[in-house]
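Contents: one structure, followed by commentary.
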Amino acid sequence: DIIKKAASKVDAFLTVEMSMGQMVEDVKLAVNGEKPVSFFGTTGGVIPTPQNIFDELKKIKEGI
């Protein structure tokens with residue numbers, strides 16, 4: 001499984017969804033508690049920009 005392999009190479013995961021977080025639990029299950037998994041979601045057809053995602057990653061990095 002790609003996510004499980006990635007867990008050995010990264011500090012954390014960020015799931016980016018245009019929803020209320022339907023996939024974040026699946027990612028957490030795949031990571032199996034090895035790394036933290038954060039969620040960034042938008043609704044109402046709002047598409048997150050690369051800057052939105054970068055800003056969220058910075059927040060996560062500062063919290064690790």
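One is the number of the first residue; the rest follow in order along the sequence. Because the structure is predicted, anything quoted here is derived from the model rather than measured.
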Closest approach of Gln22 to Ser19 (non-hydrogen atoms, all atoms of both residues): OE1-OG, 2.8 Å
Separation between CG of Leu29 and NZ of Lys4, rounded to the nearest 0.5 Å: 11.5 Å
Which atom pairs, one a donor and one an acceptor, fall under 3.5 Å between side chains of residues 49-58 and the rest of the protein, sequence neighbours left out?
| unit_1 | atom_1 | unit_2 | atom_2 | d |
| --- | --- | --- | --- | --- |
| Thr49 | OG1 | Gln51 | N | 3.4 |
| Thr49 | OG1 | Asn52 | N | 3.0 |
| Thr49 | OG1 | Asn52 | OD1 | 3.0 |
| Gln51 | NE2 | Asp55 | OD1 | 2.8 |
| Asn52 | OD1 | Thr49 | N | 2.8 |

Remaining members of hydrophobic cluster (4.5 Å side-chain criterion), Ile47: Met18
Could you go through residues 31-46 and list every donor-acceptor pair under 3.5 Å that involves a side-chain atom there, pairing it with any protein atom two or more places apart or in another chain?
| unit_1 | atom_1 | unit_2 | atom_2 | d |
| --- | --- | --- | --- | --- |
| Lys35 | NZ | Ala7 | O | 2.8 |
| Lys35 | NZ | Val10 | O | 2.5 |
| Thr42 | OG1 | Val46 | O | 2.6 |

Rounded distance (nearest 0.5 Å) linking atom CD of Glu62 with atom CD1 of Ile60: 10.5 Å
Heavy-atom side-chain proximity of Asp11 to Lys61 below 4.5 angstrom: yes
With sequence neighbours excluded, residues passing salt bridge (Lys or Arg N to Asp or Glu O under 4.0 Å) with Glu17: none
Sequence neighbours excluded, every pair satisfying salt bridge (Lys or Arg N to Asp or Glu O under 4.0 Å) that has a member inside residues 37-49: none
With sequence neighbours excluded, residues passing side chain to side chain contact (heavy atoms under 4.5 Å, CB included) with Ala30: Asp1, Ile3
